[in-house]
Engineer: 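Pasting in a structure now, in structure tokens, and then I'll have a few things to ask.
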2 protein chains.
Amino acid sequence: MVETADARRAHAAFVQPEQACPIAPVLDIVFSRWTTPILWTLNEYGRQRFMELQRTIATITPKVLTQRLRQLERDGLIVRTYHPEVPPRVEYEISDLGRSLAPLFATLSEWVEGNLAKVEQARQEFDAAEQRPAGR
Amino acid sequence: MVETADARRAHAAFVQPEQACPIAPVLDIVFSRWTTPILWTLNEYGRQRFMELQRTIATITPKVLTQRLRQLERDGLIVRTYHPEVPPRVEYEISDLGRSLAPLFATLSEWVEGNLAKVEQARQEFDAAEQRPAGR
DNA sequence: CAGGATCCATAAGGATACTG
DNA sequence: CAGTATCCTTATGGATCCTG
């Protein structure tokens, strides 16, 4: 039996896509602001101290860096190690769970490499059509 | 020649991870708010009208829906078709470029399925350690 | 050094009402 | 129906100062 497009569209009216969309949960976890640069840095360059991260990310403020690191630690994606010395030393490294995101990031890189140019082109064409032809 | 961790960390100080992180460009394109539910819906249920989308997404307001649809159209991920009738009819469908995100979404779903529970568990353990043991 | 606390600017998003 | 326009609330991030 073939499911028609109309049947699928009728069904669409009964689901809540925020819940139905199965990737929604990841967004808050790995794609909050600053999280990908942090994870990427820790994955590429290994364990780093707080100040190292701040220098590496460059445009992030200590407050926001702290917030994001806490969230990532709470979600189990990074590991925070506190060394009780004077002055104190704290090191962050990516966890196994964090490393499990690698294939995902790889897929993303591939998409960027293959399709970002197409997006740029689409934008130029869209913007070029400033004299709206119809229906705007 | 083996690149040491220290060498890599030293190098990290000289790059700008916002630019170095190769997936940064995708975030604004496909992971802006509401974009994944929209793309997911159009990909799953096919072409839909404005009101259908609004009913499907349920908690989105027309203003925001319009904004997101414009952005997706500009980026070439969806196609907008205007039918000059009375009342007017507008249909949205996913483009080939938008469909090229399918493997990405699939990878995401897999990660969610396999690892979301671990995140939940990490959160509970983190929250359970309210009596901060050290370094907080 | 690694942050916590505080205050402030900006902007994204929601609610509501209205139009071609 | 498919949006626009307007107003307003809230969330996010930046700047600054301070501390164990």
Side-chain angles (χ1 to χ4, degrees), chain A residues 9 12-13 16-18 24 27-29 31-38 41-42 47-74 78-93 126 132-136, chain B residues 9 13 17-18 24 27-38 41-42 47-74 78-93 126 130 132-136:
Chain A
R9 282 161 64 186
Q16 308 285 0
E18 283 205 272
L27 303 186
D28 291 336
I29 296 173
F31 295 124
S32 309
R33 232 182 146 214
W34 298 112
T35 55
T36 52
I38 293 173
T41 301
L42 290 179
R47 189 171 8 165
Q48 291 206 312
R49 302 179 61 170
F50 186 88
M51 285 302 291
E52 284 182 302
L53 280 170
Q54 194 186 345
R55 270 192 294 270
T56 310
I57 316 281
T59 59
I60 198 172
T61 61
K63 189 188 81 170
V64 177
L65 179 57
T66 303
Q67 289 175 347
R68 264 35 310 211
L69 287 172
R70 284 288 175 284
Q71 179 189 330
L72 291 170
E73 183 195 3
R74 189 174 105 99
I78 65 175
V79 176
R80 176 183 185 269
T81 310
Y82 175 79
H83 303 273
E85 313 165 355
V86 274
R89 185 164 55 92
V90 176
E91 289 184 315
Y92 294 93
E93 58 187 324
F126 184 92
R132 309 279 85 175
R136 193 86 60 187
Chain B
R9 280 161 64 186
E18 283 204 273
L27 303 185
D28 291 336
I29 297 173
V30 304
F31 295 123
S32 310
R33 205 145 183 245
W34 296 114
T35 55
T36 52
I38 293 173
T41 302
L42 290 179
R47 190 173 7 169
Q48 290 204 311
R49 304 179 60 171
F50 186 88
M51 285 302 290
E52 284 181 301
L53 280 171
Q54 194 186 345
R55 269 190 294 271
T56 310
I57 316 279
T59 59
I60 199 172
T61 61
K63 189 188 78 169
V64 176
L65 180 57
T66 303
Q67 289 175 346
R68 267 31 311 212
L69 288 172
R70 284 287 176 284
Q71 178 188 332
L72 291 170
E73 183 196 4
R74 189 173 103 99
I78 65 174
V79 176
R80 176 184 186 267
T81 310
Y82 176 79
H83 303 272
E85 313 166 353
V86 273
R89 185 164 56 93
V90 176
E91 289 184 315
Y92 294 92
E93 58 187 323
F126 184 92
E130 278 303 64
R132 310 277 86 176
R136 193 85 61 185

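Side chains are part of it too, since the values below use all heavy atoms of this structure and drop only hydrogens, waters and symmetry mates. Here is how names work: the chains are called A, B, and so on, in the same order as the sequence lines, proteins then strands, and each is numbered from 1.
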Engineer: What heavy-atom pair brings A:Ser32 and A:Asp28 nearest, and what distance separates the two atoms?
Structural biologist: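 Between these two residues, the closest heavy atoms are OG-O, 2.6 Å.
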Engineer: So which heavy atom on B:Ile78 is nearest to which on B:Leu69, and how close?
Structural biologist: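 Here B:Ile78 and B:Leu69 meet closest at CD1-O, 3.5 Å.
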Engineer: Please compare A:Val64 and B:Val90 by the position of their nearest nucleotide in DNA chain D and report the one closer to 5'.
Structural biologist: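 Its nearest nucleotide lies further toward 5', so the answer is B:Val90.
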Engineer: Starting at atom OH of A:Tyr82, determine the distance to atom C1' of C:dA2, rounded to an integer number of angstrom.
Structural biologist: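 One finds 9 Å between C1' of C:dA2 and OH of A:Tyr82, rounded.
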Engineer: In whole angstrom, what separates A:Gln71's CD from D:dT12's C1'?
Structural biologist: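 It is 13 Å, rounded to the nearest whole Å.
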Engineer: From CG of A:Leu69 over to P of C:dC1, roughly how many Å is that when rounded to an integer?
Structural biologist: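 From A:Leu69 CG to C:dC1 P: 16 Å.
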Engineer: Return the value, rounded to whole Å, for the distance between atom CG of B:Leu27 and atom C1' of D:dT12.
Structural biologist: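 Rounded to the whole Å, the gap is 17 Å.
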Engineer: Is there a donor and acceptor pair, one atom on the side chain of A:Lys63 and one on the base of C:dG3, closer than 3.5 Å?
Structural biologist: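 Check fails, no donor-acceptor contact within cut-off.
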Engineer: Output the rounded distance in Å from CD1 (A:Ile57) to C1' (C:dA2).
Structural biologist: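 Distance, rounded to whole Å: 16 Å.
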Engineer: Looking only at side-chain atoms of A:Thr66, point me to the closest of D:dC1, C:dG14, C:dG3.
Structural biologist: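 In terms of side-chain proximity for A:Thr66, the closest of D:dC1, C:dG14, C:dG3 is C:dG3.
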Engineer: Taking all heavy atoms of A:Ile29 and all of A:Thr35, pick out the closest pair and write down the distance.
Structural biologist: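 Nearest heavy atoms, A:Ile29 then A:Thr35: O-CG2, 4.4 Å.
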Engineer: OP1 or OP2 of C:dG3 versus the side-chain N and O atoms of A:Arg80: is any pair under 4.0 Å?
Structural biologist: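 So the side-chain polar atoms of A:Arg80 do come within 4.0 Å of the phosphate oxygens OP1 or OP2 of C:dG3, strictly under.
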Engineer: Considering heavy-atom distances to DNA chain C, does A:Phe50 or B:Thr61 have its closest nucleotide positioned more toward the 5' end?
Structural biologist: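 Result of the comparison: A:Phe50.
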Engineer: Give a yes/no on whether any side-chain N or O of A:Arg33 is located under 4.0 angstrom from OP1 or OP2 of D:dA11.
Structural biologist: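 A:Arg33 to D:dA11 OP1/OP2: no side-chain N or O under 4.0 Å.
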Engineer: So A:Glu93 and A:Thr81, side chain to side chain contact (heavy atoms under 4.5 Å, CB included) or not? Walk me through it.
Structural biologist: CA-CA 8 Å; A:Glu93 58 187 324; A:Thr81 310; 4.2 Å; yes
Engineer: Roughly what angle, to 10°, lies between the helix axis at the start of the helix from C:dC1-D:dG20 to C:dG20-D:dC1 and the one at its end, five pairs per end?
Structural biologist: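 The end-segment axes of the helix from C:dC1-D:dG20 to C:dG20-D:dC1 are tilted 50° relative to each other.
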Engineer: Tell me the interatomic distance from B:Leu65, atom CG, to D:dA5, atom P, rounded to whole angstroms.
Structural biologist: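 The answer, rounded to whole Å, is 16 Å.
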Engineer: Using a cut-off of strictly less than 4.0 Å, decide whether A:Tyr92 has a side-chain nitrogen or oxygen near OP1 or OP2 of C:dG3.
Structural biologist: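 Answer is yes, contact under 4.0 Å.
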Engineer: Please state how far atom CG in B:Leu53 lies from atom C1' in D:dC1, giving the value in whole angstrom units.
Structural biologist: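 Atom-to-atom, B:Leu53 to D:dC1, this comes out as 13 Å.
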Engineer: Taking for each residue the nucleotide of DNA chain C with the nearest heavy atom, is it A:Arg89 or B:Gln67 whose nucleotide lies nearer the 5' end?
Structural biologist: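 Taking each residue's closest nucleotide, the earlier one in sequence belongs to A:Arg89.
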Engineer: Measure from the side chain of B:Arg70, starting at C-beta and using heavy atoms only, and say which of D:dG3, D:dC1, C:dG14 lies closest.
Structural biologist: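 The listed nucleotide nearest to B:Arg70's side chain is D:dG3.
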Engineer: Starting at atom CD of A:Glu73, determine the distance to atom P of C:dA2, rounded to an integer number of angstrom.
Structural biologist: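 Rounded to the whole Å, the gap is 15 Å.
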Engineer: Looking at every non-hydrogen atom in both residues, tell me the closest pair between B:Leu65 and B:Leu53 and how far apart they are.
Structural biologist: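 Heavy atoms of B:Leu65 and B:Leu53 come nearest at CD2-CB, 4.2 Å.
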Engineer: Does the side chain of A:Gln71 come under 3.5 Å of the side chain of A:Arg68 through a donor N or O and an acceptor N or O?
Structural biologist: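 Yes, a side-chain donor-acceptor pair sits under 3.5 Å.
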Engineer: When you measure from the side-chain N and O atoms of B:Arg49 to the phosphate of D:dA2, is any distance below 4.0 Å, counting only OP1 and OP2?
Structural biologist: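 So the side chain of B:Arg49 is within the cut-off, an N or O lying under 4.0 Å from OP1 or OP2 of D:dA2.
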Engineer: Can you name the closest pair of heavy atoms from A:Val64 and A:Trp34 and give their distance?
Structural biologist: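 It is CG1-CD1, 3.5 Å.
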Engineer: Write down the atom of A:Pro62, the atom of A:Phe50, and the distance for their closest heavy-atom approach.
Structural biologist: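 Looks like O-CZ, 3.8 Å.
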